[in-house]
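Scroll down for the structure; my scribbles are underneath it.
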Number of protein chains: 2
Amino acid sequence: MQGNTAMLRTTEIFSISKDVSVRCTNCNLRELCLPESLSPDEVLRLNGLVSARRRLKKGEALQRAGEPFKSLYAVRSGSFKTCIATEDGRDQVTGFKMSGEIIGLDGIGTNTHIIDVVALEDSEVCAIPFTRFEEASREMAGLQKQFHRIMSREIVGEQGVMVLLGSMRAEERVATFLLNLSRRFRARGYSPTEFNLRMTREEIGSYLGLKLETVSRVMSRFHELELIQIKQKHVLILDPQRLKDIASSATSSV
Amino acid sequence: MQGNTAMLRTTEIFSISKDVSVRCTNCNLRELCLPESLSPDEVLRLNGLVSARRRLKKGEALQRAGEPFKSLYAVRSGSFKTCIATEDGRDQVTGFKMSGEIIGLDGIGTNTHIIDVVALEDSEVCAIPFTRFEEASREMAGLQKQFHRIMSREIVGEQGVMVLLGSMRAEERVATFLLNLSRRFRARGYSPTEFNLRMTREEIGSYLGLKLETVSRVMSRFHELELIQIKQKHVLILDPQRLKDIASSATSSV
DNA sequence: CGCTCTCTTGAACAGAATCAAGAACGGTGG
DNA sequence: CCACCGTTCTTGATTCTGTTCAAGAGAGCG
């Protein structure tokens with residue numbers, strides 16, 4: 001379970017992994033990333049596409065809006081925020097990317113990146129030159145299918161955020177956000193109930209359409225209610241079920 | 001400028017079109033739809049993929065969440081709303097689709113549709129069986145590229161909606177919405193300043209994350225300010241520039 | 001050790017939601 | 001052609017959620 005590994009010794013970062021060899025073939029993000037459901041020889045071929053591994057320091061940008069689109073990136077380790085800046089000075093976080101997730105899909109449509117992607121911590125990505133990738137996916141039905149799936153899921157995921165932003169109240173938004181993180185940590189083999197937030201309250205607020213004070217207040221309230229324990233960036237989920245109830249309390253109806 | 005035309009005499013619906021022959025090759029949505037930027041022989045081939053034309057009455061569903069995903073649809077005429085219903089009874093409009101736009105991308109990821117798509121007026125679509133489409137796009141680089149572009153633009157478009165929902169005030173949202181419609185009507189050869197809304201205030205509100213009363217109030221205010229003239233579904237845009245100013249008034253900053 | 005950035009908490013305020021009533025429209029059938 | 005019905009839209013009064021403004025406490029870093 002990991003990004004694209006291209007010549008990366010997995011043990012360099014994750015002591016979990018026993019297998020020390022390199023690239024997609026042995027990447028422990030295989031099940032979450034592009035190789036998901038590819039045949040072994042397809043993975044091998046995909047492997048050859050990964051042009052480079054790139055390390056980023058916290059705060060560094062992987063891509064900036066306006067830059068020409070060349071490559072997709074698979075997050076190998078660490079995490080990123082994706083932000084969109086409108087002409088009128090608005091700047092909003094539109095997502096958070098964790099290991100195994102694909103970055104850069106925004107650039108395909110116009111050959112220019114639309115969003116900024118910034119590392120939330122020291123991170124590493126696998127770069128996949130898109131022209132070569134398109135070629136390969138014309139020759140490998142499995143890779144093509146997997147790529148279509150990934151884009152489709154991105155679309156569906158964003159619709160979920162639209163529902164959150166369009167119809168949820170602050171508590172529902174924050175609960176949904178925490179549960180979403182929890183699920184993604186679990187999928188990566190980490191504890192779903194105890195983790196550290198990589199982003200600030202302001203970034204969470206921007207993503208959830210709330211002010212940072214509101215995020216802080218809601219979290220404090222959840223703490224008082226003993227749904228979670230939170231101290232700065234450290235989160236402990238105490239009562240996932242009640243959180244779920246809050247996340248889908250469906251005030252509206254009819 | 002039109003959806004996929006598959007064996008449709010364009011004059012049946014649009015008296016504008018002089019050329020009476022059929023399918024993508026002569027569809028007047030060519031520039032907006034899948035054929036955009038394809039070579040003539042690629043268009044011909046795409047043409048063969050369109051399995052059927054389907055007519056829908058106002059209120060009829062083109063697809064329902066939960067149904068198996070088989071085909072993409074290109075809107076030939078009319079318009080649709082896309083809605084997502086969550087388990088907890090929330091139901092939200094996530095988009096409006098006009099002629100030339102592609103519907104069904106949500107189903108690719110899981111082979112099951114996630115969203116409902118309902119006709120806002122009597123409409124017509126071209127169905128494109130996806131398996132055959134994937135095959136064809138492996139053989140035609142141009143079609144593959146175009147499809148990737150369409151999905152990417154869908155992703156970028158949704159991010160735009162996320163910004164709207166996450167950081168705009170009611171007036172900004174409604175102004176943005178009206179300008180968006182205006183732009184899309186213009187792209188289809190209709191007047192960008194005078195058109196009829198196909199959706200109710202409630203549907204607009206659902207899409208914009210507002211209540212129908214708020215939508216109504218904001219529109220009335222725009223009318224008073226002489227930015228628009230609005231009577232029920234009929235809209236006349238009087239001052240596009242001031243509307244644009246409102247749409248990007250960037251209250252926040254820093 | 002001091003500085004800055006981040007987070008928490010309180011009090012006052014504002015924008016949109018809610019509740020409510022009535023008007024306008026569109027379709028139907030007499 | 002007109003009367004009736006349900007749906008959609010408008011408008012007002014009130015309420016409430018989240019924002020804004022403000023101050024102080026913690027944490028992390030050089």
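Any value given below was found using the heavy atoms of this structure, including those in side chains, with hydrogens, waters and symmetry copies removed. Convention: sequence-line order gives letters A, B, ...; per-chain numbering from 1.
Among all heavy-atom pairs drawn from B:Ser123 and B:Gly78, the shortest one is OG-CA, 3.3 Å.
Note: CZ (A:Arg169) to C1' (D:dT19) measures 16 Å, nearest angstrom. Spacing between atom NE2 of B:His234 and atom C1' of D:dT10 amounts to 19 Å, rounded to whole angstrom units. For B:Lys211 and D:dT17, the NZ to P distance is 14 Å, given to the nearest whole Å. Spacing between atom CG of B:Leu165 and atom P of D:dG18 amounts to 15 Å, rounded to whole angstrom units. We find that CE of B:Met219 is positioned 13 Å from C1' of D:dT10, with the value rounded to whole Å. A:Asn196 places its CG atom 12 Å from the P atom of C:dC7, with the value rounded to the nearest Å.
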Distances for protein N or O near nucleotides 25-30 of chain D N or O, under 3.5 Å:
from, atom 1, to, atom 2, distance (Å)
D:dA27, OP1, A:Lys231, NZ, 3.1

Taking N or O atoms only and anything under 3.5 Å, show me the protein contacts with nucleotides 19-21 of chain C, one pair per line.
from, atom 1, to, atom 2, distance (Å)
C:dC19, N4, B:Glu213, OE2, 3.3

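Using a 4.0 Å heavy-atom criterion, one finds that A:Thr214 contacts the bases of the nucleic acid, with or without backbone contacts as well. Residue-level contact check: A:Gly209 touches the backbone only, with heavy atoms under 4.0 Å from sugar-phosphate atoms and none from bases.
For D:dT11, one of the phosphate oxygens OP1 or OP2 lies less than 4.0 angstrom from a side-chain nitrogen or oxygen of B:Ser220. Taking only side-chain nitrogens and oxygens, A:Ser216 never comes nearer than 4.0 Å to OP1 or OP2 of C:dT6. Within the structure, every side-chain polar atom (N or O) of A:Arg201 is placed at least 4.0 Å from both OP1 and OP2 of C:dT6. A close approach under 4.0 Å does not occur between any side-chain nitrogen or oxygen of B:Lys233 and OP1 or OP2 of D:dT8.
A donor-acceptor pair under 3.5 Å is absent between the side-chain atoms of A:Thr82 and the main chain of A:Val117, judged by distance alone. In this structure, the side chain of A:Arg173 engages the main chain of A:Met168 through a donor-acceptor pair within 3.5 Å. A distance-only check finds a donor-acceptor pair linking the side chain of A:Ser206 to the backbone of A:Val93 [under 3.5 Å].
Screening residues 220-235 of chain B for side-chain hydrogen bond (donor to acceptor under 3.5 Å, both in side chains) gives B:Glu171-B:Arg221, B:Glu194-B:His234 as the qualifying pairs, with residues at least two apart or on separate chains. Applying the salt bridge (charged side-chain N to carboxylate O under 4.0 Å, His left out) rule to pairs touching residues 60-75 of chain A yields A:Arg64-A:Asp116, sequence neighbours excluded.
Not counting sequence neighbours, the partners of A:Glu121 by the salt bridge (charged side-chain N to carboxylate O under 4.0 Å, His left out) test are A:Arg198. For A:Arg184, the salt bridge (charged side-chain N to carboxylate O under 4.0 Å, His left out) test picks out A:Glu101, with sequence neighbours left out.
Under a 4.0 Å N-O distance rule, the pair A:Glu172/B:Arg90 qualifies as a salt bridge.
The 5' end of DNA chain D is approached more closely, in terms of each residue's nearest nucleotide, by B:Met199 than by the other of A:Leu210 and B:Met199.
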